[in-house]
Structure formats: structure tokens, C-alpha cells
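Position 1 is the first residue of the sequence; numbering continues from there. Below, all heavy atoms of this structure are taken into account, side chains as well, without hydrogens, waters or symmetry copies. Given the structure is predicted, the values throughout are model-derived calculations rather than measurements.
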Amino acid sequence: MSEGTATDGDGTAAGAPVDWDAQAAVFDDEPDHGLRDPGVRAAWAERLRGWLPGRPAEILDLGCGTGSLSLLAAEQGHRVTGVDLSPAMVERARAKLAGRDAVFLTGDAAHPPVGEQRFDAVLVRHVLWALPDPARALRHWRGLLRPGGRLVLVEGVWGSVTPVGIPAGRLLTLLAPLASHTHLDPLSPDPRLWGRTVDDERYAVVARA
């Protein structure tokens with residue numbers, strides 16, 4: 001994730017604009033960002049394998065950050081286009097995937113600069129909730145899919161005092177007119193994904209066009 005006026009993904013700094021260029025150097029220090037721990041990395045790779053197409057496909061990773069999920073997708077045989085608002089994040093993603101079948105662009109996740117290109121899956125982690133108009137973004141992303149494509153949306157609600165995020169029920173409601181089928185995958189119960197136990201709402205929704 002690297003978009004908007006967000007938190008660190010755990011609800012610890014809500015409300016303040018984040019300088020993602022400044023954060024790029026330390027972004028991968030979070031277990032679920034850098035995926036440096038073999039167990040965390042394997043857990044995310046396993047989930048992606050279930051969410052993304054089983055054959056080599058064109059994947060659009062929006063708010064890609066330093067490209068950790070892009071790298072997992074590329075390792076599974078997919079061609080990845082990553083988009084992030086932060087040039088520093090994009091630079092690190094390019095370095096991380098050097099030599100892979102991947103392209104990284106600087107741009108707004110809500111309106112990615114991909115022209116007429118269409119994708120088999122649009123992957124978005126911890127970005128949608130921070131956008132000013134989630135419904136509009138979802139409609140735009142739906143239009144970037146090829147027939148039979150899918151949206152893979154990893155979201156949640158973080159924090160207990162001043163919670164931020166998008167509840168699963170609201171996201172499913174927003175997707176109802178856009179998708180022929182949706183599948184909700186709870187992620188909170190799996191501490192392998194986060195490098196620790198979490199008690200807030202974390203989930204993924206796979207919505208098929």
C-alpha cells in the first residue's frame with residue numbers, strides 16, 4: 001500500500017498525510033510489507049496462488065509500494081504492471097523485480113496510467129479505503145478487466161480508538177452491481193500473514209467480472 005492519507009496498515013497513525021517517498025526506505029521493515037520472513041512470504045504466496053488466475057496472466061498491482069506482492073505474482077508466472085503514487089516506491093519496486101516480466105509506473109491508483117491496456121486481474125492491497133470515492137474507483141478498475149477478469153481486494157478495519165478502513169460488508173455492497181460472483185476470504189485468523197497475531201478485521205475479496 002502506498003496511497004492517500006493513510007495509516008501504516010495497522011491503524012496506528014490515522015488521519016495524517018503520509019510522505020510515502022520518505023517512507024520508502026523503511027516500508028519493507030513491516031513483516032507483511034517486505035515479506036522478508038520466509039513464513040510470512042510463503043503465506044502470502046499461498047494466498048495469491050488462490051486469488052490470481054491459475055495460468056500466466058496480466059496482473060495490475062495498484063498501490064504496489066515496493067513491489068513485494070508484484071514479485072510473488074511474477075514468480076508465479078504472471079506479467080505484472082505496478083502503479084504507485086510515490087516515485088521512491090516505484091524505484092524500489094523496479095529494483096526488486098529487475099529482470100522480471102514487470103513494468104512499474106508512477107501514478108494514481110484510482111486512475112492508473114495504463115491507457116487502453118486491459119488485465120486478467122487487478123490486485124489492490126490496503127488502498128481502496130483511503131481513496132476519496134471507493135465506489136468510483138471500483139467502477140474504473142472493473143473497466144480495466146478483460147472479460148472474465150477479477151478484482152482482488154485486500155482490505156480491513158484497523159485500530160480500536162479511532163478505527164479506519166472499510167468493513168467487508170460495505171465493500172461487498174459496493175461490488176454487488178459490478179461482479180457476477182464475490183468470495184470473502186477472512187485473513188485476521190492467520191498470523192502467518194502479518195508476522196504476529198492480530199485482532200482487527202482483515203480480509204480479501206475476490207470479485208469476478
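- The minimum heavy-atom distance between E58 and R118, with the atom names listed, is CB-O, 4.4 Å.
- With values rounded to the nearest 0.5 angstrom, L60 atom CG is found 9.0 Å from L145 atom CG.
- Using a 4.5 Å cut-off on side-chain heavy atoms (C-beta onward), P31 and D37 make no contact.
- At least one donor-acceptor pair closer than 3.5 Å links the side chain of W44 to the backbone N or O of L193.
- Among the candidates D120, D101, D61, the single residue satisfying the salt bridge (charged side-chain N to carboxylate O under 4.0 Å, His left out) test with R79 is D101.
- Of all non-hydrogen atoms in L184 and A168, the two that sit nearest each other are CD1-CB, 3.9 Å.
- Y203 and L151 fall within a single hydrophobic cluster, where Ile, Leu, Val, Met, Phe, Trp and Tyr side chains are chained together by heavy-atom contacts under 4.5 Å.
- Taking OG1 of T81 as the start and CD of Q117 as the end, the distance is 4.5 Å to the nearest 0.5 Å.
- Closest heavy-atom contact between T66 and A24: CG2-O, 4.3 Å.
- Nearest heavy-atom pair, T182 versus A179, reported as atom, atom and distance to 0.1 Å: CG2-CB, 3.9 Å.
- A donor-acceptor distance shorter than 3.5 angstrom exists from the side chain of Q76 to the backbone of A45, with no hydrogens or angles considered.
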Run the side-chain contact (heavy atoms from CB on, under 4.5 Å) check on W194 and L187 step by step: do they pass? CA-CA 9 Å; W194 319 107; L187 303 180; 3.8 Å; yes
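- Contact detail for L178 and R142: the closest heavy-atom pair is O-NE, 3.1 Å.
- Interatomic distance, CG of D133 versus CZ of R139, reported as 6.5 Å (0.5 Å rounding).
- In summary, R100 and E75 engage in a salt bridge, as defined by a charged side-chain N under 4.0 Å from a carboxylate O.
- No donor-acceptor pair under 3.5 Å is formed between the side chain of T197 and the backbone N or O of P191.
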Does the pair R92 and D28 meet the rule for a salt bridge (Lys or Arg N to Asp or Glu O under 4.0 Å), with working shown? CA-CA 10 Å; R92 288 179 177 271; D28 280 353; over 6 Å; no
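- For the side-chain contact (heavy atoms from CB on, under 4.5 Å) test with S70, the passing option among I59, L97, L123 is L97; the others fail.
- In this structure, E201 places its CD atom where more than 12 heavy-atom neighbours from other residues, nucleotides or ligands lie under 6.0 Å away.
- Classified by interplanar angle (parallel below 30°, tilted 30° to 60°, perpendicular above 60°), the ring pair H111/H140 is tilted.
- The hydrophobic cluster containing V157 does not contain L153, counting ILVMFWY residues as joined when their side-chain heavy atoms lie under 4.5 angstrom apart, directly or transitively.
- To the nearest 0.5 Å, atoms CG (L138) and CG (L128) are separated by 5.0 Å.
- For the side-chain hydrogen bond (donor to acceptor under 3.5 Å, both in side chains) with S68, the lone residue among H33, K96, E30 that qualifies is K96.
- V90 and V114 are not part of a single hydrophobic cluster, where members link through side-chain heavy atoms under 4.5 Å apart.
- The local environment of CZ in R136 is sparse, with at most 12 non-hydrogen atoms from other residues, nucleotides or ligands closer than 6.0 Å.
- Residues F104 and V127 fall into different hydrophobic clusters, defined by Ile, Leu, Val, Met, Phe, Trp and Tyr side chains chained together at heavy-atom separations under 4.5 Å.
- Distance alone, capped at 3.5 Å, is enough to place a donor-acceptor pair between the D21 side chain and the A88 backbone.
- G107 and V83 make their closest contact through O-CG1, 3.5 Å (heavy atoms, listed as atom of the first residue, atom of the second, distance).
- R202 is not listed as a side-chain neighbour of V154, based on a closest heavy-atom distance of 4.5 Å or more.
- For the atom pair CG of L62 and CG of L144, the computed distance is 7.5 Å after rounding to the nearest 0.5 Å.
- When side chains are defined from C-beta on, Q23 does not count as touching S86, because their heavy atoms never get closer than 4.5 Å.
- Rounding to the nearest 0.5 angstrom, the gap separating the CZ atom in R41 from the CG atom in L71 is 5.0 Å.
- For W51, the side chain to side chain donor-acceptor pair (under 3.5 Å) partners two or more places apart in sequence, or in a different chain, are D185.
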